[in-house]
Amino acid sequence: MKQELEEAFGFMFEKELLEEIESVGVLRKYKQGDILIDYNETLQQIPLLIDGAVKIMRQDEKGDELALYYLERGDTCSMTLNCCLGSKKSEISAVAETDVIFISIPVQKMQDWMQKYQTWMAFVFESYNSRFNELLESIDNLAFNKMHERLHKYLEDKALVMKSTSLNLSHQDIANDMHTSRVVVSRLLKSLENEGLIKLGRNKIEVLDFDA
DNA sequence: ACATTAAGTGATT
DNA sequence: AATCACTTAATGT
């Protein structure tokens with residue numbers, strides 16, 4: 001675990017903090033598709049993401065879902081942070097988008113560290129900030145962009161976190177993430193294909209104009 | 001060969 | 001942009 005920790009967080013934390021993390025943290029691995037956090041769960045652990053990507057989903061009363069953003073290496077979940085502090089229930093769910101490795105930290109430690117290590121505090125604030133920005137970005141996207149642009153962005157983000165321009169997913173999967181219908185996704189994908197931005201196959205989409 | 005699931009399309013709201 | 005209804009195509013058993 002030491003090595004993984006160094007790679008993902010070494011540049012951020014001082015030695016003593018890294019050692020503490022190493023002694024109280026538990027290295028956990030999950031497979032693609034596993035549910036890491038479900039709605040209304042109370043959270044006892046803070047995850048520090050080492051490898052892989054986690055998709056954060058929001059759900060309404062009817063059970064309709066919407067993908068908000070991804071967590072990647074070096075990230076933590078700010079929902080966990082404020083859930084833990086108030087010991088509230090989770091407002092979101094987290095699903096392993098790829099196979100995932102993270103270090104799990106008990107809540108009390110994270111509170112101790114807030115006072116003990118300024119780098120930890122900085123990390124927590126920074127994390128809040130970047131999560132907030134990602135959320136704003138998502139909102140802008142939802143509010144101001146047409147489906148067509150949302151879809152394009154969705155595919156680029158997906159290609160980024162999957163580290164591949166060849167995506168294995170169905171139109172229905174996309175529709176679920178974007179909270180729209182499969183028919184709409186199919187039509188828009190078709191038009192993106194006609195623009196030469198992507199190439200379609202069964203359960204497969206190739207992103208051609210990848211520029212990230 | 002048949003059933004199931006994914007994708008494409010016109011028409012309607 | 002959503003929904004319906006229907007078709008076509010690919011895949012699994």
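Note that the coordinates shown come from a computational prediction; the quantities given were computed from them, not determined experimentally. Letters A, B, ... mirror the listed sequences (proteins, then strands); counts begin at 1.
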Item checked: Nearest-Å distance for atom pair CD/C1', residues A/E193 and B/dA6 -> 15 Å
Item checked: Distance in angstrom units between A/I198 CD1 and B/dG8 P, rounded -> 10 Å
Notebook entry, point to check: Does any donor atom in the side chain of A/T119 or A/E14 lie under 3.5 Å from an acceptor atom in the other side chain?
Noted result: yes
Item checked: Interatomic distance, A/L188 CG vs C/dT3 P [rounded to whole Å] -> 14 Å
Check: Of all the choices, B/dG8, C/dA9, C/dA2, which nucleotide is nearest to the side chain of A/R202 once you look at every atom?
Finding: C/dA9
Next item on the list: Quickly work out the A/K204 NZ to C/dT11 C1' distance and round it to whole Å.
Entry: 15 Å
Checklist line | For atom CG of A/L167 and atom P of B/dA7, their distance in whole Å | finding: 13 Å
Margin query: Using the rule side-chain contact (heavy atoms from CB on, under 4.5 Å), only one of A/K55, A/R131, A/E97 pairs with A/L71; which is it?
Written below: A/R131
Checklist line | Interatomic distance where CZ belongs to A/R182 and P belongs to C/dC6 [whole Å] | finding: 15 Å
Check: Got a second to check how far A/I21's CD1 is from A/I105's CD1, nearest 0.5 Å?
Finding: 5.5 Å
Notebook entry, point to check: How long is the line joining NE2 of A/H179 and P of C/dA1, in whole Å?
Noted result: 14 Å
Next item on the list: Tell me what A/S181 touches on the nucleic acid: a base, only sugar-phosphate, or nothing, going by heavy atoms under 4.0 Å.
Entry: base
Item checked: Interatomic distance, A/R187 CZ vs B/dG8 P [rounded to whole Å] -> 11 Å
Notebook entry, point to check: Which of parallel (below 30°), tilted (30 to 60°) and perpendicular (above 60°) describes A/F13 and A/F123?
Noted result: perpendicular
Next item on the list: Please determine if a side-chain N or O atom of A/H171 lies less than 4.0 Å away from the OP1 or OP2 oxygen of B/dT5.
Entry: no
